[in-house]
Each structure stands twice: as C-alpha cells, then as structure tokens.
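Side chains included, hydrogens not; waters and symmetry mates left out as well; all remaining heavy atoms used. Please read all numbers here as calculations on a predicted model, not as lab measurements.
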Amino acid sequence: MVALVREAKGWSQRDLAREAGVSQGYLSKVENGLLELTGDSLDKVAEVLDCPVALLSTDEYVRGIEVTCLHNRNRHSKLTVGAVKKIEATTHLTRLTVERILAGLDIETEDRLERVDISEYGDPAGVARALRARWRLASGPIPNVVGLMEALGVIVVVRPMGTRAQDAVSTWPHHATHPPLMLVNSGLCPDRQRFTICHELGHLVMHVFPGENQEAEANQFASEFLAPAVEIEPDLRGLMTGDFRRLLTLKAHWKVSIGMLIQRAKDLNCISDRQFKEFRIRLSRMGWHTSEPVDLPSEAPSIVQRAIGIHLSEHGYTEDQLAQTALMTPAAFRRHYLPKDPGLGTHPALRLVTP
C-alpha cells in the first residue's frame, strides 16, 4: 500500500524517503514486505503522502483490486513509465474507495455487462450492433452514454488522472460480485467523453488481455455503437469539404465530434482520401482539432454520488466518517467525491441490503 499510494502521488522511492525523513533502503524494505512500517515512521509517511494511516495498514488491495488493461487511445509515446504507474495506482485506489462506499448497497439493473467473443460477430462493429440490439437501444443517437453504463452496472468515476495523455481506464474486478469500473479523466469535452466511454466499453466487452489491434478494435466498436453505419451513412452521403454547417448540425444530432463524423464518412466511403485530408487541414486551420463549436450536454455519473447521499441522509454518516470509510483524508474525499449534489441522478436504483 505504501508503494501504491506513493505511485499515485507520482513520487519515486527517493522522493518519499526524502519527504518522510527515512532512508531509501529502509523504505525499499518496507515496500517489499521485509520491514514493518510502524510508530512515528508510519505516521510521518502517512502525513507526507496525505493519506490516513488506515490506508497504509489495510490489506484490501492484496485481496483483489485489479486493473486488467491500461488503454491509452494510441498515445503510448506520450506516457512515461512513471505516468503509467500513477494512472494504475490511482485506478486501484479509486476502486478501493468506491467498493467501500458501495458496500451494503445493491445496484439494481435490468442488464449486466458481459464479455463477448469478437469472432462470434465477425468484427467489432458486429459486436456493437449486437449489443445495441441486446440492450434494446432505440435507433439514432444514444441520449446519455454515462446513464447507459450505469444502467448496465458499470461504475463511472470522473477525476483527474494527472496527465492529458490518458483519457480513461477500464477494469474488471477479481470478484464476480463487484462491478466493472471506468475511471475517466476530468476535463474532457462531452463529445470526447462519450467516445472515450464507448471506447472503454469496447475494451471491457471484447478484450481480456492487451493485444496489438485492441485500440483500433475499440475505436471501431465505439464508432458503430455511437453512430451505426446503416443509420448515419445517409446523413454523410455527398458530404463536401465546405459542408461545415451540415457537420455542425450532424454533431448536435448524433452527439459526436466533427472529427469523428469526418472519420466515419471516410470509413463508410462517403468521402475520398483526398477529401478526408482536406477536412483535417481545415479543422486544424480553424483550431477545431482541439476545440470544436456546438456544446453538447454534459453527462455526469450518479451512482457513487447517490450512494454518498444515502449514507449522509439515511445512515447518519458525517462527511468525515465517510472519508474514513473511503480510506481518504476528509479534504481529499471532499475534493474528489463531494463537488456536486449527491442527491442528483436518475440512473439505476440503489437498494440497501440488510446484513
């Protein structure tokens, strides 16, 4: 746990040893289980890591908190080893917190997420079409992607990940009774967040282990899931490089980025390779490759916030007691989990389970 919290903070062993006033050799032996961290040293390490002593003393991490895959949307070159460790550690700690907050609460959903074999459906697009049918999604755009994930029992948490080179991480738990988790980087514009979540959904349902083609497969899945070819192809047919007004209208309707619409048009042979290049050049010149016009409605997760609301309003917890339950300092807990009204949200029902 010392190593995990240290990595989530982005510190090396040397950094922590210096801040805590201990030798790096001593800290190395602690992290490798050769020495117990106790007394004043334990208090000091917890203080500089800004975490409760209870977090460094728990063995819950060993019992099954797992990040199965770290997917970075073809941005591998931008992620350092330290950044990867920070993201993985943050995801581990987020799952630990979320599972403790949700303990004793049952999430009632009509459907559950399950893994599928791509070969059974031909390709990732086939998987996307099959899941839209299985989950009885209406034709056209998906109104609320976050709401759909939560209706499937997926826990979505939005919080800073310490780097802009990673949009999200998806993970299945060790225990079958625990839900899958998506940790989504904060600050994403709504259209990118929607695509990112569907991309991670593709990883969760199609990929058990990292593979060479997994990023392209997840992109194909997300594109078909958000904008089925048979439905969007008529909207993109005959698109010209000057049709940005048309693209803005389609963005508002399909709730996806203009960049994705252009990529979709190319993939469906609605525009030529030359037109695609011209579109990309124009997007860059207008500055739309980083920030597009037409603001889409934001989509916020609600399960964790509603669970917090139940604990505060019905179970008599104080915010400090909830922070203690979550193995976080009160300040960190409020910063990451209490920025919004915890009573908001109309997604899956939370039912209290009597022990």
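Residues Phe244 and Phe279 bring their aromatic ring centres within 6.0 Å.
Counting heavy atoms from C-beta on, the side chains of Ser57 and Leu42 come closer than 4.5 Å. Contact annotation: the side chain of Asn185 approaches that of Arg164 to within less than 4.5 Å [non-hydrogen atoms, C-beta and beyond]. With contacts defined as side-chain heavy-atom distances shorter than 4.5 Å, the pair Asp191/Trp254 does not qualify. Between Leu250 and Ile232, the closest side-chain pair of non-hydrogen atoms is not below 4.5 Å. Side-chain contact check for Arg192 versus Ser257: every heavy-atom pair is 4.5 Å or farther apart. The closest side-chain heavy-atom distance from Pro124 to Ile118 is below 4.5 Å. Side-chain contact between Arg264 and Glu224: present, with at least one pair of heavy atoms (C-beta onward) separated by less than 4.5 Å. Between Ile101 and Thr325, every side-chain heavy-atom pair lies at or beyond the 4.5 Å cut-off.
When atom types are taken as modelled, the side chain of Thr91 and the backbone of Ile87 share a donor-acceptor pair closer than 3.5 angstrom. A donor-acceptor contact shorter than 3.5 Å links the side chain of Lys86 to the backbone of Ala8. In this structure a side-chain-to-backbone donor-acceptor pair under 3.5 Å is present from Glu299 to Val145. Listed for the Ser284 side chain is no donor-acceptor partner under 3.5 Å among the backbone atoms of Arg280. Arg237 contributes no side-chain N or O that, together with a main-chain N or O of Cys270, makes up a donor-acceptor pair within less than 3.5 Å. Panel note: side chain Ser41, backbone Leu37; no donor-acceptor pair is recorded below 3.5 Å. In terms of modelled atom types and a separation under 3.5 Å, the side chain of Thr94 and the main chain of Thr90 share a donor-acceptor contact. Checked by atom type and distance alone, the side chain of Thr109 never pairs as donor or acceptor with a backbone atom of Arg112 at under 3.5 Å. Using a distance-only test at 3.5 Å, with no hydrogens or angles considered, no donor-acceptor pair links the side chain of Lys251 to the main chain of Leu261.
Hydrophobic clustering of Ile, Leu, Val, Met, Phe, Trp and Tyr side chains at less than 4.5 Å, counting indirect connections, keeps Leu283 apart from Ile281. Hydrophobic clustering (ILVMFWY, side-chain heavy atoms < 4.5 Å, transitive): Leu236 and Met240 are in distinct clusters.
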Practice task
In sequence, state the C-alpha distance, the side-chain angles, and the governing distance for Met149 and Glu200, and then conclude on side chain to side chain contact (heavy atoms under 4.5 Å, CB included).
Solution key: CA-CA 11 Å; Met149 294 303 101; Glu200 293 301 320; over 6 Å; no
Exercise for the section: Carefully, step by step, assess Lys266 and Leu239 under the rule side chain to side chain contact (heavy atoms under 4.5 Å, CB included). Expected result: CA-CA 10 Å; Lys266 177 179 180 295; Leu239 187 66; over 6 Å; no
Practice task
Check step by step if side chain to side chain contact (heavy atoms under 4.5 Å, CB included) holds for Arg194 and Ile142.
Solution key: CA-CA 10 Å; Arg194 282 169 59 88; Ile142 299 172; 4.2 Å; yes
Exercise for the section: Evaluate the side chain to side chain contact (heavy atoms under 4.5 Å, CB included) criterion for residues Val154 and Leu201: first the C-alpha distance (whole Å), next the side-chain angles of each, then the deciding distance (0.1 Å), finally the verdict. Expected result: CA-CA 9 Å; Val154 179; Leu201 174 63; 5.6 Å; no
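Partner Trp172 forms a side-chain contact (heavy atoms from CB on, under 4.5 Å) with one of Val208, Leu181, Leu113 and no other, that one being Leu113.
Closest non-hydrogen pair, Trp11 versus Val48, comes out as CH2-O, 3.5 Å. Scanning all heavy atoms of the two residues, the minimum distance from Pro297 to Pro190 falls at O-CB, 3.6 Å. The heavy-atom pair separating Leu105 from Ala307 by the smallest distance is CD1-CB, 3.6 Å. For the pair Lys9 and Leu49, the tightest heavy-atom approach, listed with the atom from each and the gap, is CD-CD2, 4.0 Å. The two residues Asp235 and Arg246 come nearest to each other via the heavy atoms O-NH2, 2.7 Å. Shortest non-hydrogen contact noted between Pro234 and Glu231 is CD-O, 3.5 Å.
With sequence neighbours left out, the salt bridge (Lys or Arg N to Asp or Glu O under 4.0 Å) criterion links Glu36 to no other residue. Among residues two or more places apart in sequence or in another chain, the salt bridge (Lys or Arg N to Asp or Glu O under 4.0 Å) test is passed with Asp50 by none.
Ring geometry for His199 versus His203: interplanar angle over 60°, hence perpendicular rather than tilted (30 to 60°).
For the atom pair CD1 of Ile303 and CD1 of Ile308, the computed distance is 12.0 Å after rounding to the nearest 0.5 Å. Here the straight-line distance linking atom OG of Ser186 with atom CE of Met161 works out to 9.5 Å at 0.5 Å rounding. Distance NE2/His207 to CD/Gln214: 6.0 Å, rounded to 0.5 Å. One distance of note links CD1 of Ile262 with CG of Leu247; it measures 5.5 Å at 0.5 Å rounding. Atoms CD and CG, from Gln263 and Asn219 in turn, are 8.5 Å apart once rounded to the nearest 0.5 Å. Taken from OG1 in Thr241 to NZ in Lys277, the straight-line distance is 14.5 Å, to the nearest 0.5 Å.
Within 6.0 Å of CD on Glu212 lie no more than 12 heavy atoms contributed by other residues, nucleotides or ligands. Within 6.0 Å of CE on Met286 lie more than 12 heavy atoms contributed by other residues, nucleotides or ligands. Taking a 6.0 Å sphere around CG of Asn32, one finds it holds more than 12 heavy atoms contributed by other residues, nucleotides or ligands. In the displayed structure, Gln324 atom CD is contacted under 6.0 Å by at most 12 heavy atoms of other residues, nucleotides or ligands. For Asp117, the CG atom counts as densely surrounded, since its 6.0 Å shell holds more than 12 non-hydrogen atoms of other residues, nucleotides or ligands.
Using a cutoff of 4.0 Å between basic side-chain nitrogens and carboxylate oxygens, Glu278 and Arg282 are not scored as salt-bridged. The residues Arg136 and Asp111 are annotated as salt-bridged, a charged nitrogen and a carboxylate oxygen being separated by less than 4.0 angstrom.
For the residue pair Asp320 / Thr318, no side-chain donor-acceptor distance below 3.5 Å is found, with atom types taken as modelled.
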